[in-house]
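When a ligand or atom number is given, it counts from 1 through the structure's own listing order.
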Amino acid sequence: MIIIMHSQVTDGEIDTVAAKLKSLGLEANISRGIERTIIGAIGDERKIHKETLEALSGVENVIRVLKPYKIVARESQKANTVVNIKGIPLGGKTLQVIAGPCSVETQSQMDLAAQATAHAGCRMMRGGAFKPRTSPYSFQGKGVEGLEIFRKAADKHNLPIVTELMDVRHLDDFLEYGVDVIQIGARNMQNFDLLKEVGKVHIPVILKRGLCATLSEWLMSAEYIAAGGNHNIILCERGVRSFEKTYRNMLDVTAIPMLKKETHLPVIVDPSHAGGKAWLVSALSKAGIAAGADGLLVEMHPTPCEAWCDADQALTPDELKDLMGEWRILAQAVGRDL
Ligand code: PEP
Ligand code: MN
């Protein structure tokens, strides 16, 4: 059961609801978001009558949610969540494309990438300063220096930055450099301590799907973030492991409408890490938009063949610009815009 409080709720009213739950033998999880506070009742809720809680001051709505994920469930909020990223809406009618290189390499590489991202008409930029690499001997990312390079390059074009957080010890650096969207990578989708920490800040989070995660596991990971009070969550489908060897991962297109039914959170698609090949990005991204995705996360490098990471899947600046034109037409065909 979740108790949605009025937007102007006072601490006293929240305390009263928590005390009421306690008197009924339940614990209260208080999730203080920017727009609304939601109290989750933990324990045997069969003994509670909805009306008892609805009568309390400050309570807007009491909903019994049967799913293991509650705040993120469509049952708890009918309207789509629109995440506001420095004034740019993600989850509304307008699709958002987040483009940029796999990893931050040098200032000149990021300057060129930022220029190409803005020139193509994208409103946000990606780039990894901390890289989750399968081999410990591969390039691990520039670290904090990469955040500085990224910020400098993106600021020239007013592009909000999206970058991956792998370790809670770097959260302060992310705050210092004003990271606009924290990406939680596929490999950390079930790093619950990391999820709890990003739940405590109000910075939007892109939560990528784990390599083999079910939709329910993925939504429960999102719930960890929401339960902490951060309701600005964007889900990113990036392909799952399959038995097929000719491409990197299998883009789960079915997951998009399924998620739209199960959750009010925005869903974006990463066709780059799904296919693993630049030439596959066109088809996979279009499948994502046609299936109802709210945006794309794509890799683009000023000179893909020189990329330090994921060179095979990076678009060139020209390819990105051309695809933006095609995505715009497709978006309009499905009642969206770009
Ligand atoms: C990335 O987006 O840079 C990345 C490593 O993706 P994933 O976590 O989906 O593998
Ligand atoms: Mn990559």
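- Residue Pro132 has no N or O atom closer than 3.5 Å to an N or O atom of ligand 1.
- For Lys152, there are no salt bridge (charged side-chain N to carboxylate O under 4.0 Å, His left out) partners at least two apart in sequence or on another chain.
- Qualifying salt bridge (charged side-chain N to carboxylate O under 4.0 Å, His left out) partners for Glu54, counting only residues two or more places apart in sequence or in other chains: Lys50.
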For residues 233-240, please give each side-chain donor-acceptor pair under 3.5 Å, one per line with the distance, not counting sequence neighbours.
from	atom 1	to	atom 2	distance (Å)
Glu237	OE1	Arg209	NH1	2.9
Glu237	OE2	Gly239	N	2.8
Glu237	OE2	Asp252	N	3.0

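- With Gln96 as the partner, the side-chain contact (heavy atoms from CB on, under 4.5 Å) test is satisfied by one option alone out of Ile88, Ile268, Val83: Ile88.
- Under the 4.0 angstrom criterion for non-hydrogen atoms, Lys131 is in contact with ligand 1.
- A donor and an acceptor atom, one from each side chain of Ser282 and Lys286, are located under 3.5 Å apart.
- Ranked by closest heavy atom to atom 10 (O) of ligand 1, the top entry among Gln183, His273, Arg238 is Arg238.
- Of the listed residues (Ile38, Ile39, Ile14), just one forms a side-chain contact (heavy atoms from CB on, under 4.5 Å) with Arg32, and that residue is Ile14.
- The aromatic rings of Phe139 and Trp308 stand perpendicular to each other, their planes meeting at an angle above 60°, with 30° marking the opposite boundary.
- Any N or O atom pair closer than 3.5 Å counts here, and Arg126 shares at least one such pair with ligand 1.
- Shown in contact with Gly185 at under 4.0 Å from a heavy atom are these atoms of ligand 1, numbered in order with element: 8 (O).
- The protein non-hydrogen atom at the shortest distance from atom 6 (O) of ligand 1 is Lys208 NZ, 2.9 Å.
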Review point. Given Arg64 and Glu75, is the salt bridge (charged side-chain N to carboxylate O under 4.0 Å, His left out) satisfied, shown in steps?
Key: CA-CA 9 Å; Arg64 276 192 203 275; Glu75 285 167 87; over 6 Å; no
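- Distance from atom 8 (O) of ligand 1 to its nearest protein heavy atom, with residue and atom name: Ala186 N, 2.8 Å.
- A heavy-atom distance below 4.5 Å is not found between the side chains of Glu223 and Lys67.
- Each protein N, O or S atom less than 2.8 Å from the Mn ion (ligand 2) was counted, giving 4.
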